[in-house]
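Keep in mind that this is a model prediction, so the values were computed, not measured. We number each residue from 1, following the sequence as shown.
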Amino acid sequence: MIGYKRLAVRRLKWVLSLGGPPLAALACIDRVPHAAAAFALMIIAVTPYLPWVIVAYFRRRRVAAVLQSYPWREWPCRHPRRPPGSPATVAIPFREDFTAMFRIIPFPVPLAILEDDHPDRIWFAGDPRFGGVVSPVGGHYPVRVVPHTPRREECGGEGFDLARRVGLVRGSGKGTRT
C-alpha cells in the first residue's frame, strides 16, 4: 500500500498546485497591486486542467479498491512505441493465446522509464478483461489501466461481479474509462 499512499499524495499535490495559486491571488486582491490580473491569468491557465486533476484525485479510490481486491502478480510485458499524442499502452501476455493491450489513464505515464529495474516485467492487479492497476516491479508507482479496445462481449462469467464491485466495469457490462 506504500505505492497507493504515494499515488494519493501525488494527486493531492496536483490539485493543490493547480488550485492553490489562484486562491492565494484571490485572497490578495485588495492587498497587492495587480493581484486581480494575476488571478485572471491563473484562472485562464488552470481552468482547462483542473477538472481532469480533480477527477483523477477522486478516482484514486478505485485504485485502492482494486489493490484491496486483487493481488499483485508479476507478468512479462512490452511497452509499444507510440507516436506523440497517442495514449501510453502496455501489452501483457496473460496466456500464449491472449495478450491484453492496456491504456494508461488518466494521464499517459511512460512506465518503462520510471525507476524501473525490470522494464520487461510489470506488476498487474485486476482482471485482464476489464483492466486494473499496473506498476513497475515493486508496486511503487501504481497507475490505472483500461483495455485499449473495450469489448462488451466478455461480460459475465467468473470474476465479473468482483470487477463490477471494485469499479472496473459497470453493471451494464461497459468498462469504466476513468
Side-chain angles (χ1 to χ4, degrees), residues 1-15 52-170 173-178:
M1 284 309 251
I2 291 173
Y4 172 74
K5 289 178 184 175
R6 290 171 105 183
L7 173 74
V9 168
R10 184 173 61 244
R11 292 196 178 165
L12 179 61
K13 286 179 184 177
W14 290 353
V15 170
W52 285 96
V53 170
I54 290 173
V55 166
Y57 176 74
F58 285 107
R59 293 294 166 99
R60 78 189 190 287
R61 293 186 185 125
R62 186 171 289 158
V63 171
V66 170
L67 292 176
Q68 289 172 351
S69 300
Y70 292 96
W72 282 121
R73 292 206 170 103
E74 188 173 327
W75 294 94
C77 71
R78 288 182 296 109
H79 300 275
R81 289 183 162 255
R82 62 187 182 95
S86 66
T89 56
V90 60
I92 304 174
F94 289 102
R95 297 185 310 256
E96 279 190 34
D97 62 338
F98 176 64
T99 298
M101 183 74 81
F102 293 112
R103 238 176 358 108
I104 298 169
I105 60 167
F107 303 107
V109 179
L111 287 178
I113 60 171
L114 285 175
E115 306 172 16
D116 196 359
D117 296 334
H118 309 282
D120 60 337
R121 309 287 295 168
I122 200 161
W123 280 12
F124 176 80
D127 190 315
R129 300 172 295 169
F130 309 116
V133 177
V134 296
S135 175
V137 173
H140 58 277
Y141 200 94
V143 292
R144 176 101 159 80
V145 292
V146 296
H148 190 58
T149 53
R151 296 177 299 273
R152 290 182 78 153
E153 66 271 5
E154 295 181 349
C155 297
E158 185 179 337
F160 179 74
D161 290 332
L162 178 60
R164 191 174 44 134
R165 195 169 45 251
V166 300
L168 294 177
V169 67
R170 296 185 188 112
K174 184 177 180 186
T176 55
R177 307 307 289 166
T178 58

Are [X] and [Y] packed together at the side-chain level, in the sense that at least one heavy-atom pair is separated by less than 4.5 angstrom?
| X | Y | result |
| --- | --- | --- |
| Arg144 | Leu168 | yes |
| Pro128 | Ile92 | no |
| Phe160 | Val169 | yes |
| Arg10 | Tyr141 | yes |

Rounded distance (nearest 0.5 Å) linking atom [atom1] of [X] with atom [atom2] of [Y]:
| X | Y | atom1 | atom2 | value |
| --- | --- | --- | --- | --- |
| Trp14 | Ile54 | CH2 | CD1 | 13.0 Å |
| Cys77 | Arg121 | SG | CZ | 8.0 Å |
| Thr99 | Phe94 | OG1 | CZ | 9.0 Å |

Check your understanding: Considering residues, nucleotides and ligands other than Arg73, do more than 12 of their heavy atoms fall under 6.0 Å from its CZ?
Key -> no
Check your understanding: Do Arg103 side-chain atoms and Thr89 backbone N/O form a donor-acceptor pair below 3.5 Å?
Key -> no
Exercise: identify the closest heavy-atom pair between [X] and [Y]:
| X | Y | answer |
| --- | --- | --- |
| Gly132 | Val66 | CA-CG1, 4.2 Å |
| Val137 | Ile122 | CG2-N, 4.3 Å |
| Ala8 | Tyr57 | O-CE1, 4.3 Å |

Practice item. Please list, chain by chain and in numerical order, all residues satisfying side-chain contact (heavy atoms from CB on, under 4.5 Å) with Trp72, sequence neighbours excluded. Key: Leu67, Trp123, Ala125, Val133, Ser135, Pro142
Exercise for review: Report the residues that fulfil side-chain contact (heavy atoms from CB on, under 4.5 Å) with Ala65, sequence neighbours left out, ordered by chain and then residue number.
Suggested key: Val166
Review point. Would Phe102 and Phe124 count as a close aromatic pair, with their ring centres under 6.0 Å?
Key: yes
**Study point:** Worked check of side-chain contact (heavy atoms from CB on, under 4.5 Å) between Leu162 and Tyr70
**Key:** CA-CA 9 Å; Leu162 178 60; Tyr70 292 96; 3.6 Å; yes
